[in-house]
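Right, one structure below, let's go through it.
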Amino acid sequence: RTGNAVTIRELCEEVGVDATRYFFVQRALDTHLDFDLHLAKKQSNENPVYYAQYAHARICSILRQAPDYPKCENYDRLTDEKELQLMKYINEFPNIVADAAKTRQPHKMCNYIQKLAAYFHSFYNACKVIDPNAVELSAQRLALMKAAKITLKNALYLIGVEAIEKM
């Protein structure tokens, strides 16, 4: 509004490449974009890039804490509502990718990423993932975490944003 121009290079230096990419991709091409510099710099759940990258980093942290759990043969103990919501949403990933590509609307990937991160955080707050007294359930929940990690990493990759493993 003041008439000052800011180059993409300056914007990337100010808020980072990941935030710049995410904020530009998250809006449909036919909508107005207000780039909020303060929000893009924030390290809180209000910042959509931080929220998604934090979800990935948290999953990586959980998986690092439990390297010795057995592989699962079935997933019959995943019956909690939060587990089911997360599984169902992970399953939607190929459809979202196909739709975003077919309609040439990459902002749909950002919508998916935000919702996947929200489902993960909701699951994590409701369910104890690592429980030495319930090894089989823990192994199945860890497998669900691996699936969420892979999906979130792939979704972030599609929009050119790094999936951070430690924050």
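What you see is a predicted model; the values in this text were computed from it and never measured.
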Surrounding [atom1] of [X] (heavy atoms of other residues, nucleotides or ligands, distance under 6.0 Å), is the total greater than 12?
X: Lys153; atom1: NZ; value: no
X: Arg9; atom1: CZ; value: no
X: Glu92; atom1: CD; value: yes

Legend entry - Candidate pair Glu83 and Cys127, rule side chain to side chain contact (heavy atoms under 4.5 Å, CB included), full reasoning: CA-CA 8 Å; Glu83 295 166 334; Cys127 301; 4.2 Å; yes
Legend entry - Residue pairs passing the side-chain hydrogen bond (donor to acceptor under 3.5 Å, both in side chains) test where at least one lies in residues 128-139, sequence neighbours excluded: Arg77-Glu136
Inset, instruction - Mind jotting down which residue pairs meet the side-chain hydrogen bond (donor to acceptor under 3.5 Å, both in side chains) criterion with at least one end in residues 114-125? Sequence neighbours excluded, please. - result: Tyr22-Gln114, Arg58-His121, Lys82-Ser122
Inset, instruction - Classify the ring geometry between Tyr112 and Phe93 as parallel (under 30°), tilted (30 to 60°) or perpendicular (over 60°). - result: tilted
Inset, instruction - Anything under 30° is parallel, anything over 60° is perpendicular, the rest tilted; go ahead and classify Phe120 against Phe123. - result: tilted
When hydrophobic residues are tied together by side-chain contacts of less than 4.5 Å, even through go-betweens, does [X] share a cluster with [Y]?
X: Val161; Y: Leu11; answer: yes
X: Ile113; Y: Tyr54; answer: no
X: Val25; Y: Leu37; answer: yes
X: Leu84; Y: Leu142; answer: yes
X: Met109; Y: Phe23; answer: yes

Using modelled atom types only, decide if a donor and an acceptor are shared between the side chain of [X] and the backbone of [Y] within a distance under 3.5 Å.
X: Gln53; Y: Glu162; answer: yes
X: Asn47; Y: Ala40; answer: yes
X: His56; Y: Ile164; answer: yes
X: Thr20; Y: Gly16; answer: yes
X: Glu10; Y: Thr7; answer: yes
X: Arg21; Y: Gly160; answer: yes
X: Gln140; Y: Asn74; answer: yes

Distance (rounded to the nearest 0.5 Å) between [X] [atom1] and [Y] [atom2]:
X: Gln65; Y: Leu63; atom1: CD; atom2: CG; answer: 9.0 Å
X: Thr151; Y: Leu86; atom1: OG1; atom2: CG; answer: 8.5 Å
X: Ile96; Y: Leu158; atom1: CD1; atom2: CG; answer: 12.0 Å
X: Gln105; Y: Asp99; atom1: CD; atom2: CG; answer: 7.0 Å

Legend entry - Stepwise side chain to side chain contact (heavy atoms under 4.5 Å, CB included) check, Val97 with Lys108: CA-CA 8 Å; Val97 172; Lys108 291 181 178 183; over 6 Å; no
Do [X] and [Y] come within less than 4.5 Å of each other through their side chains, counting heavy atoms only?
X: Met87; Y: Leu144; answer: yes
X: Val15; Y: Val49; answer: no
X: Lys149; Y: Cys60; answer: yes

For residues [X] and [Y], report the shortest heavy-atom separation together with the two atoms involved.
X: Ala52; Y: Leu156; answer: CB-CD2, 4.2 Å
X: Tyr51; Y: Ala117; answer: CE2-CB, 3.6 Å
X: Ile130; Y: Ala66; answer: CD1-CB, 3.6 Å
X: Ala143; Y: Tyr75; answer: CB-CE2, 3.5 Å

Inset, instruction - Verify side chain to side chain contact (heavy atoms under 4.5 Å, CB included) between Met167 and Gln43, making sure each step is shown before the conclusion. - result: CA-CA 10 Å; Met167 290 185 104; Gln43 291 189 346; over 6 Å; no
Legend entry - Donor + acceptor pair across side chains of Gln26, Asn111 (<3.5 Å): no
Inset, instruction - Report the C-alpha distance between Lys88 and Gln85 in whole Å, list the side-chain angles of each, state the deciding distance to 0.1 Å, and finish with yes or no for side chain to side chain donor-acceptor pair (under 3.5 Å). - result: CA-CA 5 Å; Lys88 287 177 182 176; Gln85 287 176 339; over 6 Å; no
